[in-house]
Number of protein chains: 2
Amino acid sequence: MSLQEVRVPWEPLKAFTQQVFQQAGVPPRDAETEAEVLIWANLRGVDSHGVLRIPWYIELIDAGQMNPRPHIQVVKETPATLLIDADYALGPVVTTFAMQRVMEKARATGIGWGLIRNTTHQGAMGYYALMAAQADMAGLAIVCSPPNMAPYGAKAAGVHNSPIAIAVPANRHRPLILDMATSVVAGGKLRLAIDKGVAIPEGWALDKEGNPTTDPHQAVTLLPFGGPKGSGLALMFECLTSIMVGNPLLEPTLWGQETVRRHRQNSVVAAIAIETFTDVAGYKDHIDKVIDGLKALPKADGVKEILVPGEVEDQVYQDRIQHGIPLPEGTVRNLRRVAERFHLPLPPGL
Amino acid sequence: MSLQEVRVPWEPLKAFTQQVFQQAGVPPRDAETEAEVLIWANLRGVDSHGVLRIPWYIELIDAGQMNPRPHIQVVKETPATLLIDADYALGPVVTTFAMQRVMEKARATGIGWGLIRNTTHQGAMGYYALMAAQADMAGLAIVCSPPNMAPYGAKAAGVHNSPIAIAVPANRHRPLILDMATSVVAGGKLRLAIDKGVAIPEGWALDKEGNPTTDPHQAVTLLPFGGPKGSGLALMFECLTSIMVGNPLLEPTLWGQETVRRHRQNSVVAAIAIETFTDVAGYKDHIDKVIDGLKALPKADGVKEILVPGEVEDQVYQDRIQHGIPLPEGTVRNLRRVAERFHLPLPPGL
């Protein structure tokens with residue numbers, strides 16, 4: 001934890017974020033979507049997927065790898081499926097569009113299964129799964145990128161630490177949102193350690209020689225959680241996304257065919273309409289009851305509270321919506337540079 | 001490893017298994033399906049889901065909890081979804097039926113998503129995912145049962161160690177088949193340890209007081225893999241299966257509403273037709289290439305070969321198809337008792 005950490009109120013930070021992307025050439029509505037997804041992550045304590053990413057996104061726009069004005073195309077569709085080419089759109093722009101479309105399909109056909117080809121970084125995948133939960137559906141989102149994680153048994157990157165998010169609605173409780181990487185920790189946690197100037201625990205990552213490291217600057221290859229399980233899920237996610245859209249992202253690196261690596265990712269977003277299978281009110285009531293039941297179980301030694309997926313983030317949200325988003329020194333410094341470049345006033349606290 | 005282990009050729013063991021179920025009242029074709037799924041697991045080294053389960057299944061039939069002649073009903077369907085009531089059918093009987101139906105839907109609509117309510121034990125879920133892969137589709141299968149695993153932070157069961165299986169076809173290589181429980185190990189591994197008369201490693205399970213144990217006879221509660229990740233997946237799988245079909249399986253135990261626990265489980269089987277999104281031949285070629293690329297990565301210290309999902313089971317299969325299925329003493333003893341009861345000749349080696 002940095003001593004220099006500041007707290008920034010979320011609304012001006014969101015407005016600032018939107019202005020940054022507008023200045024970078026993104027239309028206002030799309031810039032707002034991007035800001036919405038980033039601030040949502042920060043508010044929920046997922047700082048690795050929040051405004052800390054802004055400087056990188058701006059670099060990608062500068063480099064022509066992230067397209068502020070993409071031509072998003074529906075390439076193929078059936079009553080239940082969708083294939084979208086994102087034209088390197090900002091991830092939140094194309095992914096919210098795709099999720100809206102699969103939700104329409106789910107309402108008509110029970111399920112909507114959408115594949116997105118050539119998007120750029122999508123932020124926290126839980127956001128999209130939650131969109132479905134808020135419409136009385138189960139939501140699912142998966143993403144794959146080029147290799148950054150060692151498959152089980154290897155000492156170099158071969159798979160991506162592809163995250164999966166699943167969300168379902170409750171009644172009295174907030175929706176359940178599971179949002180997990182297939183690595184021990186998400187890659188953004190390494191950036192956050194750099195911004196905070198702290199070491200990482202052993203077991204998170206390998207250095208470029210394939211040796212374990214605790215220095216986030218040396219950490220280049222993530223490690224899978226649960227050994228063959230996290231590693232296997234990551235590979236299967238590539239098979240369900242990138243290879244399914246004819247745009248493999250592991251293969252080019254594994255075969256040494258890619259020298260200049262263009263940032264891109266492929267994704268699944270899906271929605272299942274609860275009403276297709278069962279009564280929606282009853283469903284939500286059962287979710288409440290399973291949450292209550294789990295939380296009332298006898299606790300393991302040293303555990304204060306049994307938490308369900310998304311609950312720790314909900315607790316952080318309650319704090320941050322009132323008291324602002326804490327930003328570490330490195331993030332503050334980087335955002336000030338972005339503000340300077342675009343001649344934007346800083347939000348209060350920054 | 002027991003000293004008394006014997007090797008039994010797979011074909012007579014399969015014929016024997018089929019006869020057992022026929023004697024128990026199952027129609028010949030359904031008995032063959034059950035035998036097929038059990039022997040498939042044994043051939044692939046997944047002994048925890050093989051013929052070791054026969055005595056338990058017979059008990060369930062005796063107790064009226066597993067229905068040898070079920071009235072399987074399609075309760076609801078759309079062009080992409082299916083809801084089946086299994087009427088406590090033998091798992092493989094209803095699940096192969098459901099997978100065939102969702103594959104038809106996938107061929108027409110791109111995806112088929114089927115929910116099965118009130119099935120009984122389905123065996124190795126990889127079998128069903130593989131059915132889709134063999135038809136040029138991606139296959140997915142998930143199952144939930146009453147609690148047998150401690151959610152993260154608890155010292156008593158609250159979730160089920162719900163497995164997930166995902167399979168996709170390759171060209172030169174065998175299909176990739178990921179089939180994993182959300183616990184550190186599958187529950188059947190505890191039965192296998194009992195049959196083998198060996199201890200289990202610490203970290204697999206808790207005893208009935210919630211303390212860690214290495215005695216498989218004392219092990220009543222499994223532990224999740226990856227802590228909150230395995231635990232979270234397991235809960236979300238209940239939300240996608242049992243609660244989605246209006247038949248919650250965690251809640252009744254958590255709320256103490258169920259004193260006599262009827263064996264049952266709920267399940268998702270899904271198929272995604274590759275041709276909907278991309279060229280099938282190209283898809284399989286990319287799967288080959290990613291497998292080759294992963295296997296050629298530099299190996300971690302002490303690792304002889306980098307294995308992809310399903311590969312270790314494929315290697316066991318090559319051995320067992322030729323040299324028979326090794327059965328530990330406990331399993332042999334139990335199967336001899338079953339043979340006696342039904343006046344069936346033992347297969348050679350048993």
Side-chain angles (χ1 to χ4, degrees), chain A residues 76 78-81 83 109-111 113 115 138 150-151 153-156 158-159 166 168 176 178 180 210 225-226 229-230 232-233 235-236 238-240 243-246 248 250-251 254-255 272 274 276-279 282-283 286-287 289-290 293-294 297-300 303 305-309, chain B residues 76 78-81 83 109-111 113 115 138 150-151 153-156 158-159 166 168 176 178 180 210 225-226 229-230 232-233 235-236 238-240 243-246 248 250-251 254-255 272 274 276-279 282-283 286-287 289-290 293-294 297-300 303 305-309:
Chain A
K76 285 186 188 179
T78 73
T81 68
L83 170 59
T109 320
I111 187 168
W113 189 270
L115 293 178
K155 60 193 278 183
V159 291
I166 305 174
V168 296
L176 289 172
L178 180 73
M180 53 176 251
F225 85 110
K229 297 193 179 194
L233 277 176
L235 175 58
M236 300 317 288
E238 167 80 354
C239 303
L240 293 178
I243 301 182
M244 195 65 87
V245 300
L250 303 183
E251 185 188 316
L254 288 169
W255 285 66
I272 298 163
I274 294 165
T276 315
F277 301 102
T278 193
D279 168 61
Y283 184 92
H286 286 309
I287 299 290
K289 283 186 178 155
V290 75
L294 290 173
L297 282 173
K299 295 179 219 10
V303 172
E305 186 181 1
I306 295 168
L307 296 167
V308 294
Chain B
K76 285 185 187 179
T78 73
T81 68
L83 170 58
T109 320
I111 187 168
W113 188 270
L115 293 178
K155 61 194 277 184
V159 291
I166 305 174
V168 296
L176 289 173
L178 180 73
M180 53 175 251
F225 85 110
K229 297 194 179 194
L233 277 176
L235 175 59
M236 300 317 288
E238 167 80 353
C239 302
L240 294 179
I243 301 182
M244 195 65 86
V245 300
L250 303 182
E251 183 188 317
L254 289 169
W255 285 65
I272 298 162
I274 294 164
T276 315
F277 301 102
T278 192
D279 168 61
Y283 183 93
H286 285 310
I287 299 291
K289 283 185 179 156
V290 75
L294 290 173
L297 282 173
K299 296 179 220 9
V303 171
E305 186 181 0
I306 295 168
L307 296 167
V308 294

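Atom set for the values below is all heavy atoms of this structure, side chains included, hydrogens, waters and symmetry mates excluded.
Ranked by heavy-atom pairs under 4.5 Å with chain B, the list I274(A), D279(A), V245(A), L250(A) is led by I274(A). The most heavy-atom pairs under 4.5 Å with chain B, out of L115(A), V159(A), L240(A), come from L115(A). The greatest number of non-hydrogen atom pairs below 4.5 Å with chain A, out of L83(B), V290(B), I166(B), L307(B), is found for I166(B). Considering only heavy-atom pairs separated by less than 4.5 Å from chain B, the leading option among G226(A), G110(A), A154(A), A138(A) is A154(A). Note: I243(B) leads V308(B), V168(B), I243(B) in heavy-atom pairs under 4.5 Å with chain A. Counting heavy-atom pairs closer than 4.5 Å to chain A, the top residue among K229(B), E305(B), E238(B), K299(B) is K229(B). Chain A forms the most heavy-atom pairs under 4.5 Å with one residue out of G153(B), G230(B), G293(B), and that residue is G153(B).
Of the two parts of L294(A), the backbone and the side chain both hold a non-hydrogen atom closer than 4.5 Å to a non-hydrogen atom of chain B. Interface residue L235(B): only side-chain heavy atoms are found under 4.5 Å from chain A. The part of M236(B) that comes within reach of chain A is its side chain, from C-beta onward, which places non-hydrogen atoms under 4.5 angstrom from that chain. At a 4.5 Å heavy-atom cutoff, the contact between P298(A) and chain B is made by backbone and side-chain atoms alike.
Between M180(B) and L233(A), the shortest heavy-atom contact is CE-CD1, 3.8 Å. Across all their heavy atoms, T109(A) and T81(B) have their closest contact at O-CG2, 3.6 Å. Nearest heavy atom pair, residue G232(A) against residue P309(B), reads CA-CG, 3.8 Å. Closest non-hydrogen pair, C239(A) versus I287(B), comes out as SG-CD1, 3.6 Å.
In this structure, the side chains of T276(B) and K76(A) stay at 4.5 Å or more apart for every pair of heavy atoms. Side-chain contact between L297(A) and P151(B): present, with at least one pair of heavy atoms (C-beta onward) separated by less than 4.5 Å. Residues V303(B) and K155(A) are not in side-chain contact: their nearest non-hydrogen atoms beyond the backbone lie 4.5 Å or more apart.
No donor-acceptor pair under 3.5 Å is formed between the side chain of W113(B) and the backbone N or O of I111(A).
The OG1 atom of T278(B) lies 9.0 Å from the CE atom of M244(A); values are rounded to the nearest 0.5 Å.
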